[in-house]
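Written below as structure tokens is the structure these notes are about.
In this text, all values refer to a predicted model and were calculated from it rather than measured experimentally.
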Amino acid sequence: MDHLTLAVDSAGIATLTLHRPDKHNALNAAMIAELAQATRRIADDDGIRAVVLTGSGRSFCAGADLNWMRVQFDATRSERIDQARALASMLDGLNRLPKPLIGRINGPAYGGGLGLMAVCDVAIAATNAKFAFTETRLGIIPATIGPFVMARMGEAAARRVFFSARPFGPAEAVALGLVAAAVDAEALDDAVMAELAPYAATEPSAVARAKALTRSLGLQIDADTLERTAQALADAWESPEARRRIGAFLARG
């Protein structure tokens, strides 16, 4: 894998790290494909008991990569829908992962990075992290990540930040339910380990069944839901406002 690292320790804790630090771990087609591949690999490995998802460098995930957006800008509708489906499928795979998934949010997260946070069972953020659903600034919408964000935050909380594009800090992220706790950067690893520690005494297959039950009792995210979000994102990309705003953004970049 070129854009991720995956390490498993002797206790069966896997650390999956977004590894494009020079790009603030921004998502592109290759990283999305690698995340999907890594998720399947982790799910099939009985030696892995729990997973930590984090970013390398100063950021967790800056959302969409600029060059990927340039490709999307010139793509056909069907090509954009295919890319949206790939992102939705990757997030769905992480959401269904039959292992506890703990987000170690080491820095800022925007757009799709918040989707990655939302599919974690627990996310712990450093107090220097900043967040924003930035899509509406560009005339598009946070469609593909939407079901996972709604499942995490609930509609009432999401309405506060989901479409305003305003930045918010870790304390508000805790209040919104997006993260479980915010700690100083020096304490982040200890806080993540505290979340992982109880799983040493659990039966992995029972944890997997309990997680699947929890998911089945919550907001239902099925194939139709994911397809509707892909179509909605394609619609947004085709609007005159999005073409104008994204074009200007790419010109500056």
Side-chain angles (χ1 to χ4, degrees), residues 1-28 30-63 65 87 90-110 112-129 131 145 148 152 170 173 178-205 207-208 211:
M1 295 184 291
D2 296 323
H3 302 314
L4 307 173
T5 64
L6 176 61
V8 184
D9 69 14
S10 59
I13 306 301
T15 300
L16 182 59
T17 305
L18 312 178
H19 191 57
R20 301 184 73 210
D22 56 323
K23 301 295 184 182
H24 298 279
N25 304 317
L27 294 164
N28 61 12
M31 180 184 275
I32 290 167
E34 289 181 11
L35 278 166
Q37 175 190 354
T39 300
R40 293 190 294 269
R41 180 172 160 190
I42 291 166
D44 292 340
D45 190 336
D46 292 336
I48 295 176
R49 296 181 62 95
V51 185
V52 176
L53 177 64
T54 192
S56 61
R58 295 181 290 113
S59 299
F60 175 67
C61 178
D65 175 78
L87 176 57
M90 179 272 288
L91 291 170
D92 192 50
L94 282 170
N95 195 46
R96 296 175 182 274
L97 188 68
K99 325 267 185 180
L101 179 61
I102 311 301
R104 178 186 178 275
I105 314 305
N106 57 297
Y110 304 105
L114 294 175
L116 288 171
M117 289 171 55
V119 298
C120 293
D121 298 305
V122 178
I124 308 295
T127 51
N128 62 345
F131 311 105
I145 66 174
F148 308 101
R152 167 61 58 197
L178 186 60
V179 301
V183 300
D184 290 340
E186 313 84 69
L188 186 57
D189 287 335
D190 287 343
V192 169
M193 288 306 300
E195 292 293 336
L196 292 167
Y199 290 105
T202 61
E203 168 54 47
S205 63
V207 170
K211 180 171 177 177

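Scanning both residues, P198 and A194, for their nearest heavy atoms gives CD-O, 3.3 Å. Scanning all heavy atoms of the two residues, the minimum distance from L27 to C61 falls at CG-SG, 3.8 Å. Considering all non-hydrogen atoms of both residues, A126 and L188 come closest at N-CD1, 4.1 Å. The nearest pair of heavy atoms linking V179 to A125 is CG1-CB, 4.2 Å. In plain terms, the two heavy atoms of V122 and A180 that are nearest each other are CG1-CB, 3.7 Å. Here the closest non-hydrogen pair linking A14 and V8 is CB-CG2, 4.0 Å.
Considering OG1 of T15 and CG of L196, their distance stands at 8.0 Å, rounded to 0.5 Å. Annotation: the span from M90 atom CE to L35 atom CG amounts to 5.0 Å, rounded to 0.5 Å. The CG atom of L114 lies 6.0 Å from the CD1 atom of I145; values are rounded to the nearest 0.5 Å.
Side chains of I42 and L6 form a contact here, defined as non-hydrogen atoms less than 4.5 Å apart. Under the 4.5 Å side-chain criterion, counting only non-hydrogen atoms from C-beta, V119 is not in contact with L97. Using a 4.5 Å heavy-atom cutoff, the side chains of P170 and F131 are in contact. For the pair D65 and M31, the minimum side-chain heavy-atom distance is 4.5 Å or more. Taking the side chain as every heavy atom from C-beta outward, L18 and L4 approach each other to under 4.5 Å. Proximity of D121 to K99: side-chain heavy atoms (C-beta onward) are nowhere separated by under 4.5 Å. Counting heavy atoms from C-beta on, the side chains of T5 and M1 never come closer than 4.5 Å.
Within the structure, no pair that satisfies the salt bridge (charged side-chain N to carboxylate O under 4.0 Å, His left out) test touches residues 8-18, not counting sequence neighbours. Listed by first and then second residue, the side chain to side chain donor-acceptor pair (under 3.5 Å) pairs involving residues 33-55 are T54-R104, T54-N106 (not counting sequence neighbours).
Scored by the salt bridge (Lys or Arg N to Asp or Glu O under 4.0 Å) test, K23 finds no partners at all (sequence neighbours excluded). Checked against ring-ring contact (aromatic ring centres under 6.0 Å, His included), F148 has no partners two or more places apart in sequence or in another chain. Taking D184 as the reference, T127 meet the side-chain hydrogen bond (donor to acceptor under 3.5 Å, both in side chains) condition, with sequence neighbours excluded. Under the rule for a side-chain hydrogen bond (donor to acceptor under 3.5 Å, both in side chains), the partners of S205 that lie at least two apart in sequence or sit in another chain are E203.
Under a 3.5 Å cut-off, the side chain of K211 and the backbone N or O of P100 do not form any donor-acceptor pair. Judged by distance alone, with hydrogens and angles left aside, the side-chain atoms of N128 form no donor-acceptor pair with the main-chain N or O of A185 at under 3.5 Å. Remark: the backbone N or O of A26 is paired with a side-chain donor or acceptor of R20 at under 3.5 angstrom.
Atom NE2 of H19 sits in a sparse spot, with 12 or fewer heavy atoms from other residues, nucleotides or ligands closer than 6.0 Å.
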